[in-house]
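To start, the structure itself, in structure tokens.
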Amino acid sequence: MNPTNTQKPDRTCDVAIIGAGTAGLSAERSARRAGAKTILIDEHFAGTTCASVGCMPSKLLIAAAKAAHSVSDAPLFGVNPKSVTTDGKVVMQRVRNLRDEFVAAAKKSIEDLRQDAQLKGRAKFLGPDMLEVDGSRLRAKAIVIATGSFPSIPETFAGLPNILTNETVFELEDLPTSLAVIGAGPLGLELAQAFARLGVDVAVIDEGDTIAALKDDAVASSLRTLLKREFPLYLSTEIKASRSGDKIEMSWSGASTGNKTFTHVLVAAGRPPNLANLGLETTGLEVDDHGTPKFDRRTMRCGSSNIFLAGDCDADVPVLHEASAEGAIAGNNAARFPDVGTSRRSTPLAITFTDPPSASIGTRSDDAAIVGTSDFSDQGRAKVDGRNAGLLRIYADSSGNLTGASLAVPEGEHLAHLIAWAIEMKQTAMQLLEMPIYHPTYEEGLRSALREICSRIEISFAADRDEGVSPGV
Ligand SMILES: Cc1cc2nc3c(=O)[nH]c(=O)nc-3n(C[C@H](O)[C@H](O)[C@H](O)COP(=O)(O)OP(=O)(O)OC[C@H]3O[C@@H](n4cnc5c(N)ncnc54)[C@H](O)[C@@H]3O)c2cc1C
Ligand SMILES: NC(=O)c1ccc[n+]([C@@H]2O[C@H](COP(=O)([O-])OP(=O)(O)OC[C@H]3O[C@@H](n4cnc5c(N)ncnc54)[C@H](O)[C@@H]3O)[C@@H](O)[C@H]2O)c1
């Protein structure tokens with residue numbers, strides 16, 4: 001660690017937290033609860049990314065798309081809605097109105113802090129225990145960095161008109177006419193499908209071949225097939241963009257070749273950590289190849305320093321519940337510093353809210369893992385609802401202990417939680433099969449995968465248990 005900065009501070013505290021997002025707010029609460037005098041610093045105090053430009057506005061747009069889709073799906077059931085129109089201005093206004101309510105709730109938790117526990121301005125390290133915030137110096141015994149992430153915009157889009165990111169797309173007054181979505185990660189796919197279902201001419205283009213961050217090729221392939229019924233998805237391509245009047249001409253080559261002019265482009269090409277210009281070079285922290293400080297995810301501590309990381313800025317698991325968990329670990333340890341404790345981390349769980357939703361749960365321990373598969377094209381309840389498609393794969397070790405899963409199936413967000421909780425509770429495939437499952441439900445779809453795992457490890461069923469697998473009855 002670099003030596004302590006010897007300049008005289010304007011203020012002092014036990015724990016300074018940089019960033020009032022989900023992770024920073026959690027860190028502040030946790031440090032305060034542990035008895036520390038805290039100061040929470042933010043450039044804007046504009047509400048969290050989740051509430052303002054992330055989880056909540058994206059789910060509001062998806063909710064509108066779901067309404068539109070259920071109408072377009074109605075003829076399948078013999079229900080024929082008369083003429084249906086989408087009022088894009090009303091769609092976007094509702095997104096913003098409810099988004100503003102979530103933002104107001106996030107801001108309220110900041111307003112509730114003591115006045116002397118908040119500091120507005122951009123923070124920069126002057127040394128490992130000293131920050132400069134808009135010209136004033138703050139010394140802290142321990143510091144939590146919770147500065148979030150920012151949208152990466154590839155060079156090819158520089159200077160072009162109507163280039164959107166998650167930070168600007170929800171400000172559109174009306175739905176765009178056409179939209180190229182760059183990136184087939186969770187962000188790109190969620191918004192691409194939502195806009196497509198609301199009548200926008202959408203295409204998704206990605207330089208890689210992964211979709212929705214899924215690592216299981218069979219599940220990814222199943223989701224890819226389903227999404228391609230709704231909009232073109234061009235993967236493994238090199239992308240070029242140029243101005244065409246007030247529009248953007250996109251061309252791509254590689255696994256597929258094409259070009260098309262779009263009124264708007266949504267760049268969803270990842271969100272790297274927000275760590276530039278933070279003065280990290282004055283801290284002496286060891287950084288990885290991307291410039292992110294190395295840290296222990298059980299303590300959130302950077303090396304043997306007094307500095308902790310939390311949330312998207314650590315580039316570990318950039319989802320909300322992990323930002324909140326990391327904030328609590330970092331804040332508690334910062335307050336206890338140097339008496340730092342280790343915390344258990346929960347089973348990895350990431351969900352992408354496409355339809356069907358996809359999810360990655362736990363780990364696929366190794367190549368020898370036993371895999372059980374459920375094909376939802378024949379699942380009873382899914383057939384009833386006209387949603388019978390998708391694949392679910394559960395992984396177990398050689399004793400049948402559940403280790404992970406990957407899925408893209410209807411109601412997948414709920415099934416993903418059941419599997420994650422079963423893994424947390426160290427359940428085996430057989431133990432999960434012994435749980436009550438009501439009929440007819442999507443949960444019944446877990447059974448084929450679990451039974452396959454049991455049969456592979458040659459676990460025989462108890463004589464008083466039914467071995468049957470039936471899609472509907
Ligand atoms: C479109 C979108 C949809 C998403 N959907 C989901 C979802 O459905 N489910 C899910 O779990 N996750 C989702 N996420 C991810 C989730 O939003 C993030 O993981 C989470 O918001 C990260 O919180 P954070 O506290 O790390 O960062 P933020 O909330 O971004 O907070 C960082 C704060 O640091 C401040 N800051 C930065 N630098 C400085 C500095 N130098 N000085 C002072 N202040 C500074 C910023 O002003 C900001 O307030 C989504 C993300 C996006 C973009
Ligand atoms: N449901 C959720 O939890 C949810 C939803 C949306 C976003 N998020 C979070 O938001 C963050 C950003 O999401 P994301 O989907 O942008 O990130 P991501 O990194 O998962 O996906 C980015 C995609 O863009 C592609 N890409 C990168 N550079 C490119 C280029 N120059 N040209 C073409 N394609 C390119 C990558 O190959 C990748 O597929 C992530 O941290 C994610 O966890 C979460």
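Remember, it's a predicted structure, so these values are computed and weren't measured experimentally. Order of appearance sets the numbers: ligands from 1, and atoms from 1 within every ligand. Side chains are part of it too, since the values below use all heavy atoms of this structure and drop only hydrogens, waters and symmetry mates.
For atom 27 (O) of ligand 1, the closest non-hydrogen atom on the protein side is G148 CA, 3.4 Å. In terms of protein heavy atoms, atom 21 (O) of ligand 1 is closest to C50 N, 3.6 Å. Of the protein's non-hydrogen atoms, T147 CG2, 3.7 Å is the one closest to atom 39 (C) of ligand 1. Summary of contacts: the protein heavy atom closest to atom 53 (C) of ligand 1 is N166 ND2, 3.3 Å. Atom 35 (C) of ligand 2 has E207 CG, 3.6 Å as its closest protein atom, hydrogens excluded (heavy atom only). Given atom 9 (N) of ligand 1, the protein heavy atom at minimum distance is C55 SG, 4.0 Å. Looking from atom 34 (O) of ligand 1 to the surrounding protein, the closest heavy atom is G19 CA, 3.2 Å. When only non-hydrogen protein atoms are considered, atom 44 (C) of ligand 2 lies nearest to P186 CB, 4.1 Å. Protein heavy atom in closest approach to atom 2 (C) of ligand 1: G54 CA, 3.3 Å. The protein non-hydrogen atom at the shortest distance from atom 41 (N) of ligand 1 is A123 O, 3.2 Å.
Every atom of ligand 2 is numbered from 1 in the order shown, and the set under 4.0 Å from a heavy atom of F353 is 1 (N). Against a heavy-atom cut-off of under 4.0 Å, I351 is close to the following atoms of ligand 2: 1 (N), 2 (C), 3 (O). Close contacts between ligand 2 and I239 involve ligand atoms 32 (N), 33 (C) [criterion: under 4.0 Å to a heavy atom].
Under the 30°/60° scheme for interplanar angles, the aromatic rings of F337 and F308 are found to stand perpendicular.
Annotation: E43 places an N or O atom under 3.5 Å from an N or O atom of ligand 1; distance criterion only. Taking any N or O of S58, backbone or side chain, none lies under 3.5 Å from an N or O belonging to ligand 1. Taking any N or O of G270, backbone or side chain, at least one lies under 3.5 Å from an N or O belonging to ligand 2. Considering backbone and side-chain N/O atoms, L187 comes within less than 3.5 Å of an N/O atom of ligand 2. Looking at ligand 2, you won't find any N or O of R271 less than 3.5 Å from one of its N or O atoms. Between P318 and ligand 2, at least one pair of N/O atoms sits closer than 3.5 Å. Considering backbone and side-chain atoms alike, D42 places an N or O below 3.5 Å from some N or O of ligand 1. Annotation: A23 places an N or O atom under 3.5 Å from an N or O atom of ligand 1; distance criterion only. Residue contacts with ligand 1: K59 is placed with a nitrogen or oxygen under 3.5 Å of a nitrogen or oxygen of the ligand (distance criterion only). Checking only distances, G183 never comes within under 3.5 Å of ligand 2, N or O to N or O. Between T22 and ligand 1, at least one pair of N/O atoms sits closer than 3.5 Å.
The residue among T49, D134, L320 with a heavy atom at the shortest distance from atom 30 (O) of ligand 1 is T49. Across the listed options L131, V53, D312, D312 owns the non-hydrogen atom lying nearest to atom 18 (C) of ligand 1. Considering only non-hydrogen atoms, atom 23 (O) of ligand 1 lies nearest to A323 out of G327, A276, A323, S52.
Contacts of D206 with ligand 2, taken as heavy-atom pairs under 4.0 Å, involve both backbone and side chain. Contact annotation: for F45 versus ligand 1, there are no heavy atoms closer than 4.0 Å. Proximity of P154 to ligand 2, defined as any heavy-atom pair under 4.0 Å, is confined to the side chain (atoms from C-beta onward). By the criterion of a heavy-atom distance under 4.0 Å, neither the backbone nor the side chain of T156 is placed next to ligand 2. Counting heavy atoms under 4.0 Å from ligand 1, residue R271 touches it through the side chain alone. Using a 4.0 Å cut-off between heavy atoms, A146 contacts ligand 1 through its backbone alone, with no side-chain atom that close. With a 4.0 Å cut-off on non-hydrogen atoms, I18 touches ligand 1 through its side chain and not its backbone.
Looking at every heavy atom in both residues, N166 comes nearest to V169 through CA-CG1, 4.0 Å. The shortest heavy-atom contact between K124 and N277 is CG-O, 3.9 Å.
In this structure, A350 has no heavy atom closer than 4.0 Å to ligand 2.
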